[in-house]
Amino acid sequence: MKIATWNVNSIRARMERLCAWLAAQAPDVLCLQETKVEDNVFPALELESLGYHAAAYGQKTYNGVAVLARQPFDDIVRGFGDGIEDAQARFLVVRVGKLRVGSLYVPNGQAVGTDKFRYKLAWLERWRAWLATHADVSQPLVFCGDINVAPEDRDVHDPEAWRDQVMCHPDERAALAEVRRWGLVDVFRQLNPDASQYTWWDYRQLSFPKNRGLRIDHILCTQGMAAGCRSVVIDRDARKGQAPSDHAPVVAEFADL
DNA sequence: ATGGTTGCTTAGCAA
């Protein structure tokens, strides 16, 4: 089974690229982030014609996540359901057969010390709490998405320039480590222990041709599932050419799923 | 040089 994640930075602006990519890569499951559309205008019919079921959790202008899959879903969860008032559409979990799949768009945090950064840290803790109360570590479960945290310095093109900045700050790295401590494996790092490869490059200052990027899009799964992971590839080609997203897709292959 | 690019919405925000 091929499971992928891609922050498309507006599904409407990226529809042509998305359809071409689905046809070329043929993932079984694709998690999308920053769709930026409300659910009633999500382009489900067009995706259906390519052979994908879609579950969406979106809003106008900002945020928005979705899962596409060859198989139909059941058990769709939108938001943490933790009683906290939150209009931001960033958390969607579905069941595809025996597998649970989450598509996540972790808050960016804007700058360390701001309200948005505090919201990011609180959001990561809410994710951890959701796992503790709603998930089973012994079952196949995968969370894919734009996590907006580069876990280690080797995930950063220039660690000194990024030291203590948003996406690299020790507090958010610690918060992500707490989430993972529940029992999630970063399968890219598991299979590529020495790689410095990135998934996001700023649109500005020729960041992509200079490869000034960060690895902030992740595929995190339970250990039993991670044991069946055969490869994880960052599709850098999808960041090239006219009108790309600022993120590249990440694609993982799993045996026995 | 406190910039720079993109998307949504239409001037300013978010990333």
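In what follows, every chain begins at residue 1, and chains take the letters A, B, ... in the order their sequences are listed.
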Engineer: Would you measure the distance from the P atom in dG12(B) across to the matching atom in dG3(B) and give it in whole Å?
Structural biologist: 15 Å
Engineer: Would you say the side chain of Q59(A) lies within less than 4.5 Å of the side chain of Q88(A), judging by non-hydrogen atoms?
Structural biologist: yes
Engineer: How about N9(A) and S245(A): does a side-chain donor come under 3.5 Å of a side-chain acceptor?
Structural biologist: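 N9(A) vs S245(A): no donor-acceptor pair found between side chains.
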Engineer: With sequence neighbours excluded, tell me which residues meet salt bridge (charged side-chain N to carboxylate O under 4.0 Å, His left out) with R163(A).
Structural biologist: D153(A), E160(A)
Engineer: Expressed as a whole number of Å, how far does the C1' atom of dT6(B) sit from that of dA11(B)?
Structural biologist: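 Those two atoms are separated by 15 Å.
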Engineer: Rounding to an integer number of angstrom, what distance separates dA14(B) and dG4(B) when you compare their C1' atoms?
Structural biologist: 15 Å
Engineer: Check whether the side chains of R236(A) and N211(A) place a donor and an acceptor atom closer than 3.5 Å, and report yes or no.
Structural biologist: yes
Engineer: Below 4.0 Å from chain A heavy atoms, what is the first contacting nucleotide of DNA chain B and what is the last?
Structural biologist: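 In short, chain A contacts DNA chain B from dG4(B) to dA15(B).
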Engineer: Find which nucleotide of DNA chain B each of I11(A) and N108(A) is nearest to by heavy atoms, and output the residue with the more 5' nucleotide.
Structural biologist: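 Looking at DNA chain B, the more 5' nearest nucleotide goes with I11(A).
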Engineer: If you look at every strand shown and take non-hydrogen atoms under 4.0 Å, does R90(A) touch a base, only sugar-phosphate, or nothing?
Structural biologist: sugar-phosphate
Engineer: Give me the residues of residues 199-211 of chain A where at least one heavy atom lies under 4.0 Å from an atom of DNA chain B, by number, or none.
Structural biologist: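 DNA chain B contact set from residues 199-211 of chain A: Y203(A), R204(A), Q205(A).
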Engineer: May I ask you to establish whether R95(A) and F73(A) are in a cation-pi arrangement, using a distance under 6.0 Å from NZ or CZ to the six-membered ring centre and at most 45° from the ring axis?
Structural biologist: no
Engineer: With sequence neighbours excluded, what pairs up with A248(A) under the side chain to side chain contact (heavy atoms under 4.5 Å, CB included) test?
Structural biologist: W201(A), I234(A), R239(A)
Engineer: Got a sec, which hydrophobics cluster with L220(A), joining ILVMFWY side chains under 4.5 Å apart, including via others?
Structural biologist: V77(A), F80(A), F91(A), V93(A), L104(A), V106(A), Y119(A), W123(A), L124(A), W127(A), W130(A), L131(A), V137(A), L141(A), F143(A), I147(A), V149(A), L176(A), V179(A), W182(A), L184(A)
Engineer: Would you find a donor on one side and an acceptor on the other, under 3.5 Å apart, between the side chain of E253(A) and the backbone of S231(A)?
Structural biologist: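 Not at all, since once roles are kept as given, no pair shorter than 3.5 Å links the two residues.
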Engineer: Under a 4.0 Å heavy-atom cut-off, which of residues 110-118 of chain A touch DNA chain B?
Structural biologist: K116(A)
Engineer: Examine distances only and state if a side-chain atom of E34(A) and a backbone atom of Y62(A) form a donor-acceptor pair shorter than 3.5 Å.
Structural biologist: no
Engineer: Taking Q242(A)'s backbone N and O only, do any of them form a donor-acceptor pair with R17(A)'s side chain (distance below 3.5 Å, no angle check)?
Structural biologist: yes
Engineer: Please state the P separation for the pair dT9(B) and dA15(B) - nearest whole angstrom.
Structural biologist: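 Result for the P pair: 15 Å, nearest Å.
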Engineer: Which label fits H157(A) and Y198(A): parallel for a plane angle under 30°, tilted from 30 to 60°, or perpendicular past 60°?
Structural biologist: perpendicular
